[in-house]
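The block underneath contains the structure these notes are about, expressed in structure tokens.
Values below: every heavy atom of this structure, side chains too, minus hydrogens, waters and symmetry copies. Numbered from 1 within each chain, the chains take letters A, B, ... in sequence-line order.
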Protein chains: 2
Amino acid sequence: MTAESLPVLDDKEYLAEVHLQIGARLTRQEHRYTSGRRQLVEVLAQAKQPMTLPDIVAADPDLAQSSAYRNLDVLVRSGVIRRLSAGGDHAHFELAEPLLGHHHHLICIRCGSIEDIHLGSDVELLVDQSLSEIASQTGFTPIHHSLDLHGHCADC
Amino acid sequence: MTAESLPVLDDKEYLAEVHLQIGARLTRQEHRYTSGRRQLVEVLAQAKQPMTLPDIVAADPDLAQSSAYRNLDVLVRSGVIRRLSAGGDHAHFELAEPLLGHHHHLICIRCGSIEDIHLGSDVELLVDQSLSEIASQTGFTPIHHSLDLHGHCADC
DNA sequence: ACAAGAGTGAGAACGATTATCGGTACTAAA
DNA sequence: TTTAGTACCGATAATCGTTCTCACTCTTGT
């Protein structure tokens, strides 16, 4: 079901798979997978890192700002795109974890760029255990965790 | 130097210590520790969780909104207060880690509230190692990490 | 073909935060 | 203790990312 469990795919196959899964999910929620939404997904799927709205519109100038915002919201609500609030001026968007796999971020506090990183499964396991233990003590219902490293990127 | 390394203090002593350290730090940077800033710090020091600006002003109505925002900014820049961007409408503020100790957050995605949590040192160690390893491979200069658990709080 | 309703995009509106600005209050030197 | 220099204050205006409005268009089902 997730991208991770699929056999290795080249870029074109991956994109097709992404569209397939997202289309199915939207249909299930009585939403349409229109060309505007498809373009949005395409931009994000081809990016190697989370993008802001200006990034997205710059990458595909056919996208209208208001529609992009609205569709991003629809896709976030549908669970296929994730919105990141890293503290900069703009929110960042990336494909949701079912499509991209579980990962974390390097956040540059100077230029605001965000890069994906993957941690070893031993770390993930320990973190998960530790967090869910605390959550259960507090009556908190965990949904997901985020682990970000803040600092200066190589370019800054 | 940090609050953690101090002997156990009651609330009044802790507050005095906080004021002392912050005052010293501001003076060093040619800023004044005025009563408005002191009130701001007092509100945050007495809170058990990160607060938004409306929270802060509600807790001490003498604080003017514009001054509170300006002073919060001064204090953040001076490194004595930390600004959290959790995705809700408002940013949250709390005393910086030298004063509060290293910790993480439970973030309620329904009501936006944030609560502090502390993880075991074994987890912290492993996370730190793992992150700095990745950082060094990427040319990223780490400053600090954040590890948040998102979900629904007990009240929601 | 038609009706119902989802989607679109330009522009208006919103709201958290930041900047402005005339006036206040420390601070240090004479 | 004056006086100058400057940090600070708070009401208000301005900024700007994001959301809303609305007239219009496109799909889908009958």
A side-chain contact here means heavy atoms from C-beta on lying under 4.5 Å apart; do B/Ile107 and B/Leu149 qualify? no

State, with a plain yes or no, whether a side-chain heavy atom of B/Asp116 is found less than 4.5 Å away from one of B/Lys48. no

Send over the distance from B/Leu26 CG to C/dT27 P, rounded to a whole Å. 13 Å

Between C1' on C/dA6 and OH on A/Tyr33, what's the gap in Å once rounded to a whole number? 17 Å

In whole angstrom, what separates A/Arg38's CZ from C/dT8's C1'? 17 Å

For B/Glu30 and C/dT27, what is the distance between atoms CD and C1' respectively, to the nearest whole Å? 12 Å

Roughly, in whole Å, what's the span from CD1 in B/Ile56 to P in C/dT17? 10 Å

Can you tell me how the ring of A/His19 sits relative to the ring of A/Tyr33, calling it parallel under 30°, perpendicular over 60° and tilted otherwise? tilted

If only side-chain N and O atoms of B/Thr34 are considered, is one of them under 4.0 Å from the OP1 or OP2 phosphate oxygen of C/dA25? no

Mind calculating the distance between NE2 (B/His92) and C1' (C/dT17) to the nearest angstrom? 15 Å

Please determine whether a side-chain nitrogen or oxygen atom of B/Tyr69 lies at a distance below 4.0 Å from atom OP1 or OP2 of C/dT17. yes

Any luck finding a side-chain donor-acceptor pair between B/His145 and B/His102 under 3.5 Å? yes

Rounded to whole Å, how long is the line connecting atom CZ of A/Arg32 with atom C1' of C/dG5? 7 Å

Distance to the ring centre below 6.0 angstrom and angle to the axis at most 45 degrees; does that hold for B/Arg82 and B/Phe93? no

Defining pairs by Watson-Crick or G-U wobble geometry with both distances under 3.5 Å, how would you list the stems of DNA chain C with at least three pairs each? C:1-30 with D:1-30

For A/Ser67, which contact category applies under a 4.0 Å heavy-atom criterion: base, sugar-phosphate, or nothing? base

Can you confirm whether B/His103 sits close enough to B/His105 that some side-chain heavy atom of one is under 4.5 Å from a side-chain heavy atom of the other? yes

For A/Asp73, answer base if it contacts any base atom (sugar-phosphate contacts may also be present), sugar-phosphate if it contacts only those atoms, and nothing otherwise; contact means non-hydrogen atoms under 4.0 Å. nothing

So with a 6.0 Å cut-off around CG of B/Asp11, is the heavy-atom count from everything else above 12? no

At a heavy-atom distance below 4.0 Å, which nucleotide of DNA chain D is the first touched by chain A, and which is the last? D/dG17 to D/dT27

Reckon A/Arg70 touches a base, only the sugar-phosphate, or nothing at all at heavy-atom distances under 4.0 Å? base

Round to a whole Å and report the spacing from NE2 of B/His90 to P of C/dT17. 6 Å

Would you confirm whether A/Asp55, through its side chain, and A/Thr52, through its main-chain N or O, come within 3.5 Å as a donor-acceptor pair? yes

Taking the side chain as every heavy atom from C-beta outward, state whether A/Leu95 and A/Val80 have any atom pair closer than 4.5 Å. no

